[in-house]
Peer 1: 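Before anything else, here's the structure in question.
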There are 2 protein chains.
Amino acid sequence: MSKRQSVTIRDVAQKAGVGLNTVSLTLKDSDLVRSETKSKVKAAIEELGYVPNVSARNLRRGTVRTIGVMIPDIHNFHYWDIVAGVEDEARHHDYGIVLSNTNLNPQLELDSLRGLLERRYDGLILMATHTHSKETPTEVRKLLDQGSAIVTIGSTWREVDKIEPYPLEAGPLLMQHLYNLGHRRIGFVLGVAHQDLASGRLEAYCEFTARHNLPQRIEYCGPTIPDGMAATHRLLDDPARPTAIVTVNDYLAVAAMRTIALRGLCIPADISLAGFDNIPLSQYLTPALTTVDVGGPNRGREAVRLLLERLKDPKRPTQIVKIPASLHVRESTGPPPAAFDSRMQPEVPDPKNCNSF
Amino acid sequence: MSKRQSVTIRDVAQKAGVGLNTVSLTLKDSDLVRSETKSKVKAAIEELGYVPNVSARNLRRGTVRTIGVMIPDIHNFHYWDIVAGVEDEARHHDYGIVLSNTNLNPQLELDSLRGLLERRYDGLILMATHTHSKETPTEVRKLLDQGSAIVTIGSTWREVDKIEPYPLEAGPLLMQHLYNLGHRRIGFVLGVAHQDLASGRLEAYCEFTARHNLPQRIEYCGPTIPDGMAATHRLLDDPARPTAIVTVNDYLAVAAMRTIALRGLCIPADISLAGFDNIPLSQYLTPALTTVDVGGPNRGREAVRLLLERLKDPKRPTQIVKIPASLHVRESTGPPPAAFDSRMQPEVPDPKNCNSF
DNA sequence: TTACAGTATAGGAACGTTCCTATTAGTGAA
DNA sequence: TTCACTAATAGGAACGTTCCTATACTGTAA
């Protein structure tokens, strides 16, 4: 394909014997043009194989009909779930999406933000960043003040359009479920790239354990499966081994599940396991995972809606859209081992009874 | 953010007291400009907070430095693996990527192709389409003849740049592995949106079974987990139940694994299971999945390289890059049950012996 | 002094649209 | 016939770059 476009709107106009404007109006099916003229133009378009150049259009319009999506970790299934929602909703509004995987690298995040200034996309949906606090980071603040459209999913920033699970207490719901089953020693695997990232889920855990006077057992780790496995191993090594483990997301629950199996323990007979996100995979694991649904694709869809409204009216007050969260009890949680005694736990349980290899 | 850009290259030129060209040259760090002048310009850029407008640049340059990526199924982990590779390699060459999830919808695929003509992206990487045959579809053919840059991953089309696993016989390798373990009744779950889609893998199965005079047992199904589960159920219902199941990809192996567990069977004691792709998840499943690695992220990376070379030289002959495939034997495959007799198999095995719930 | 390279910079055309401002043709009323 | 008014279309400016060409400047040689 040559650098220069072979057939432009001028060629069409000439061929159809009309002005530029008439072609432009025909393209957007305006009723300022007589339908007779329109079909003449359309015939010319067809015959010449004319296709509008988006760069030119974008430049002139001052808008690119594209949404940037910043993903912190391309390996975590939950983010794809969100992206799927974004993609779907964006398409319905005739917007494209540009993906930006940052791996929580601050430089890549700044590059992403820059895309907004470069008019690479009209708005940006960002999921989580390396900077995490109640205060909106200055770079983002500056953009917002300039009128940029930014929607965040699961941030705690102030004065930003955002998507939030509702109730935030879906976390406590999960804790309550474990508590009702009889669990009193509940470990938490907090595997995120930045410690404050999952603060809501952590807070739910802390708040619940404090209120019910349960021991707190938090293992911090990175966001990868090996990280999660190491953290789980540490939890299982504890003399007062937890009877239930909660992971900060379903992705790491996979790590926990694998680790527990490698140790020859059974879920939920020996230990219960639960996560957050309800990624599509979780129901197909064996055992199927008990988890908290936070509305994956819906978060993406709502983020797009929020963004488009913001683009329409840059002056509107910031909005928070709450997505209902719900507990899905499946096979991975059950009552703690009846006669469990931390001082008497079998060091090497017989794998034959449980895992099949 | 207003429709008009607040500060343009003109403002910078004025502020720095230089011409437009000088600013433009400074931006690309050309050595045609005295370094003294450069720093003057850079100061002006800094002070005014100037950011170049990509649409204008794209229009003028006739190139958008963006690669379109067409994903057939956003839920299949393997494609994300590829996307991760594409994303990474593209970034290194300062290219962005635009994602297009088609769900194998023909209309959406055509839209994707159209993006090429609209100059939305300079080139397109496509993974699989609803049209699948040895012949390149006419729409694609037309684009290629016009000089469009298109790279395919895993297609069988002629005269297209493409990424291919090598040896194609990685499929036979897997079959050989099962055969060596003693399996003689090997079922195949072919869950793809279009029947011809995984023709290579299917052929490997057919060829091997024919050569060794083994019964062929293929279950066709759709590409989703429930589809895969249904297909697996059908295989397991067979009076002459296979002693090993191969799924067309690891994604559906998850479905098979779940189904086998639900039937109370053990992997690999009762039945062996293997897949293709070596998605990152597969090693963390329990049991860890035996699979054929086809170089996930590498396929993406190589596709980008191929695309960039094509863009540099539209006239070069079409290339095929072969990515080495390799068998990864893990826990999900083992010898068939020793005393297995299809007429005597237990209808309802005791789940206690195997799966933990 | 003039001519001549060679370098550094300036200025304007072009990219292909969209949008604004005419202009034309057609109609009806004065 | 003139004027006002509307409907339909034409034409050109503008969007913000990049790239090409022209010019100004410097130093050297005749």
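So that the names make sense, note that chain A is the first sequence line, chain B the second, and so on, each numbered from 1.
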Peer 1: Would you mind classifying the nucleic acid contact of B:V54 as base, sugar-phosphate or nothing, using non-hydrogen atoms under 4.0 angstrom?
Peer 2: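 Answer is nothing: B:V54 stays at 4.0 Å or more from every strand.
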
Peer 1: Would you confirm whether A:E164, through its side chain, and A:G154, through its main-chain N or O, come within 3.5 Å as a donor-acceptor pair?
Peer 2: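 Not confirmed, A:E164 side chain does not pair with A:G154 backbone.
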
Peer 1: Tell me if the centroids of the rings in B:F77 and A:F77 come within less than 6.0 Å of each other.
Peer 2: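 Yes, the ring of B:F77 comes within the 6.0 Å limit of the ring of A:F77, centre to centre.
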
Peer 1: If I take atom CG in residue A:N58 and atom P in nucleotide C:dC15, what distance separates them, rounded to the nearest angstrom?
Peer 2: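 Roughly 18 Å, once rounded to whole Å.
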
Peer 1: Do A:L27 and A:Y50 have side chains that get closer than 4.5 Å, going by heavy atoms?
Peer 2: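 Yes, their side chains come closer than 4.5 Å.
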
Peer 1: So which protein nitrogen or oxygen atoms get under 3.5 Å of nucleotides 17-19 of chain C's nitrogens or oxygens?
Peer 2:
residue, atom, partner, partner atom, Å
C:dT17, OP1, A:Q5, NE2, 3.3
C:dT17, OP1, A:Y50, OH, 3.0
C:dT17, OP1, A:N53, N, 3.4
C:dT17, OP2, A:I9, N, 2.8
C:dT17, O5', A:Y50, OH, 3.0
C:dT18, OP1, A:R57, NE, 2.9
C:dT18, OP1, A:R57, NH2, 3.2
C:dT18, OP2, A:S24, OG, 2.9
C:dT18, O2, A:R60, NH1, 2.7
C:dC19, OP2, A:K28, NZ, 2.6

Peer 1: Look at the rings of B:W80 and A:W80 and say which category their plane angle falls in: under 30° parallel, 30 to 60° tilted, over 60° perpendicular.
Peer 2: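 If you compare the ring of B:W80 with that of A:W80, the planes turn out parallel.
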
Peer 1: Taking atom P of D:dC15 as reference, at what distance in whole Å does atom CG of B:D11 sit?
Peer 2: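 So the two atoms are 11 Å apart, to the nearest Å.
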
Peer 1: From CZ of B:R119 over to P of C:dG16, roughly how many Å is that when rounded to an integer?
Peer 2: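 From B:R119 CZ to C:dG16 P: 8 Å.
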
Peer 1: Could you state the atom-to-atom distance from CG of B:L32 to P of D:dC25 in whole Å?
Peer 2: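 Rounding to the nearest Å, CG of B:L32 and P of D:dC25 are 19 Å apart.
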
Peer 1: For B:R301 and B:H92, test the side chains for any donor-to-acceptor distance below 3.5 angstrom and give the result as yes or no.
Peer 2: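 Judged by distance alone, the side chains do not pair up.
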
Peer 1: If you compare every side-chain N and O of A:R34 against the phosphate oxygens of D:dT9 (OP1, OP2), does one of them come in below 4.0 Å?
Peer 2: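 Yes, such a contact exists.
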
Peer 1: Nearest to the side chain of A:T22 - D:dC15, C:dC15, D:dA10?
Peer 2: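 Given the options D:dC15, C:dC15, D:dA10, the side chain of A:T22 is closest to D:dA10.
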
Peer 1: Return the nearest nucleotide to the side chain of B:T37; candidates are C:dT9, C:dA10, D:dT9.
Peer 2: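 Nearest to the side chain of B:T37 among the choices is C:dT9.
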
Peer 1: Could you check whether A:K38 pairs with A:D29 (Lys NZ or Arg NE/NH1/NH2 to Asp/Glu carboxylate O, under 4.0 Å)?
Peer 2: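 Between A:D29 and A:K38 there is a salt bridge, with a charged N closer than 4.0 Å to a carboxylate O.
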
